[in-house]
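Only heavy atoms go into these numbers, but all of them, side chains included; no hydrogens, no water, no symmetry mates. All chains are named by letter (A, B, ...) in the order of the sequence lines, taking the proteins before the strands, and each is independently numbered beginning at 1.
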Amino acid sequence: MMNTKYTPIIGLEIHVELKTQSKMFCGCSASHFQVEPNTHTCPVCLGLPGALPVANQKAIEWCQLIGLALNCRLAKESKFDRKNYFYPDLAKSYQISQYDQPLCYQGEVVLKNGHKIGITRVHMEEDTGKSIHKKINGEDQTLIDFNRSGVPLVEIVTEPDFRNPEDVDEFLKTLRQIIRYLDVSDADMEKGSMRLELNMSLTSHPELISGSHPQFPNYKVEVKNINSFKYLQKALVYEFARQAEILDRGETPVQETRGYQEDVDKTISQRSKEDAQDYRYFPEPDIPPMVFEEKDLENLKKLLPELPQQKREKFTKTFGISTETAWVLTESKELALYFEQAVKLGEVLKIEAATIANVIKNKKYDWQKLSPEELITKLKQESSDKVSDEGALGKIIDEILKNNPKVVEDYKAGKVQVLGFLVGQVMRQTQGKADAEISNKVLRQKLK
Amino acid sequence: MTKNLTIDEVKHIAKLLNLNLQESEIKKLAGELSEAASYVEVLQELDLDNTTETAQVTGLTNIFRQDEVKSSLSQSDALKNAKKTFDGYFVVPPTIRKK
Ligand SMILES: [Zn+2]
């Protein structure tokens, strides 16, 4: 996609909505998708005067689990801050977020190609209400639904460590997979429970941005409003070309926020630096700070489920499955658990893990339509149906060789590919029940 | 060290507060705000050498709630004080103009 004159420097900011039962700072239900508007609100999430926010412990724990899964350090001391700005969907005119003491910091994700992506921070905040733009009686109006206001939101910020769009794509898919394994969010872009923003600049001196004192370009463009992984790729391609063209002219792209518009496949300027937001963060006085003891953090680690990477290691080491197959089997937590259960059942009936892995991978059976028990029963049936007795196969093979003297002659003359034909004959004679491997072996012996 | 706020600073503050001010009001406020700010300056006289910095005064930590759903307001109660509503929504001036 990209020319080689410039190297892109890309960082990501990802918001993930947690699927707790209740909101972040009040007891209203956190469900807001296809819910009657403004039915899950209270004085806290409507920003009414005198309301007192109290943090949801589960949300905090889940935020810390995300941090742990991304190899972050967990803060011993953390607090909430107010981020001030005006917008109609922000009931209090400030968002409760975290500024200088995020719950998690300094993490890292290693991609398949070994590239390391630093995680700057993972912090806890609250979602805003939802705006709907509509014409009512010919007049433009904005309608606000506060059901989403105060739903727990985790923000994950990466270092500007991406140098190509492929790594961005893999990282996001890995992140989504980890979050789904943790079972803390649907991480569904379409439903808005996962949202992306990126920042990007280009350099023609990639050597300057590696090493211990990197020198980044003197500008950075943020791109918002990206509604799918596919659009993110398109936004990257568009931004790269746009910035490269400006740099080619000898100019510097403006430091600004742009929005991706999918209908025209372009990014459009939203705000420039002169308009830069001044959020006036200050500590949230209504919520006492959080202090975590070493033992609290140790206990938290015990809550971490097996993550995709650990499952893959287990599958390759314990079950002798190829790395490639292990990736397929860990695509979703459901599939990984299904496979593990099937292996356990298979052990009793002497069906090998590799066999199970292969039928799932090759989609011979649709795992989503069969229970692990049903799958194992089918595999057992198959193996017991199989004619694998060398003596029985030998008799059938003798017959076939007798009836095909020309083929036998060809084989002995060096045309070894006729072996395939002979195996085919064995299969035909046995209605496909012959064990192909054993048939092959017996055939070779007899043709010697 | 009393510092007088400039007109531009007042404009910036007004913008952050979403206030539409007339030029005359801005001039007046520049004076009044500077005065208010200088009043707070008396705090500078305190000797804080032996005081630890803190962002809170209650001394509490780790005040959490369990993840339990409690009853919410009814839709009509939620919308009760709104100037304008439509179909269960709050209505505000348009933030985006549709073509
Ligand atoms: Zn509420």
Within residues 19-27 of chain A, contacts to chain B at heavy-atom distances under 4.5 Å involve A:Thr20, A:Gln21, A:Ser22, A:Lys23, A:Met24, A:Phe25, A:Cys26, A:Gly27
Side chain to side chain contact (heavy atoms under 4.5 Å, CB included) filter on B:Thr6, not counting sequence neighbours, yields B:Asp8, B:Glu9
Are more than 12 heavy atoms, taken from residues, nucleotides or ligands other than B:Glu32, located less than 6.0 Å from that residue's CD atom?
yes
Looking only at heavy atoms, the pair that brings A:Pro289 and B:Leu60 closest together is CD-O, 3.6 Å
When the 4.5 angstrom heavy-atom criterion is applied to B:Asp87 and chain A, the contacting part is backbone
Whatever's closer than 4.5 Å to a heavy atom in chain B on A:Leu46 counts as side chain
Here the ring-ring contact (aromatic ring centres under 6.0 Å, His included) pairs for residues 56-92 of chain B, sequence neighbours left out, are A:Phe146-B:Phe90
- Any side-chain heavy atom of A:Met290 sitting closer than 4.5 Å to one from B:Thr61? no
With no hydrogens and no angle check, is any side-chain donor or acceptor of B:Asp67 less than 3.5 Å from a backbone partner on A:Ala59?
no
To the nearest 0.5 Å, atom CD of A:Gln57 lies from atom CD of B:Gln66 at 5.0 Å
In terms of heavy-atom pairs under 4.5 Å with chain B, the winner among A:Ser29, A:Pro37, A:Pro288 is A:Pro37
>> Taking atom CG as the centre, does A:Asp263 end up with more than 12 heavy-atom neighbours from other residues, nucleotides or ligands that are less than 6.0 angstrom away?
In response: yes
So CG of B:Leu16 and CZ of A:Phe86: to nearest 0.5 Å the spacing works out to 9.0 Å
_Please determine whether the number of non-hydrogen atoms from other residues, nucleotides or ligands lying under 6.0 Å from atom CG of A:Asp100 exceeds 12._
yes
Check your understanding: Considering only heavy atoms from C-beta outward, does the side chain of B:Gln56 approach that of A:Pro283 to under 4.5 Å?
Key -> no
Looking only at A:Lys58, A:Arg280, A:Glu284, A:Glu139, the option with the highest number of non-hydrogen pairs under 4.5 Å against chain B is A:Arg280
Rounded to the nearest 0.5 Å, the CD atom of A:Gln141 sits from the NZ atom of B:Lys84 at a distance of 3.5 Å
Value for NE2 (A:His40) from CD (B:Gln75), rounded to nearest 0.5 Å, stands at 11.0 Å
Closest non-hydrogen atoms of A:Pro88 and B:Val92, given as atom of the first, atom of the second and distance, are CB-CG2, 3.8 Å
Residues at least two apart in sequence or cross-chain that pass ring-ring contact (aromatic ring centres under 6.0 Å, His included) with A:Phe33, listed by chain then number, are none
Close side-chain approach of B:Leu73 and A:Pro43, heavy atoms under 4.5 Å:
yes
To the nearest 0.5 Å, atom CG of A:Asp286 lies from atom OG1 of B:Thr58 at 10.0 Å
Check your understanding: Would the number of heavy atoms belonging to other residues, nucleotides or ligands and lying under 6.0 Å from NZ of A:Lys130 be above 12?
Key -> yes
If one checks every heavy atom of A:Ile136 against chain B at 4.5 Å, the contacting part turns out to be side chain
Rounded to the nearest 0.5 Å, the OG1 atom of B:Thr85 sits from the CG atom of A:Asn38 at a distance of 9.5 Å
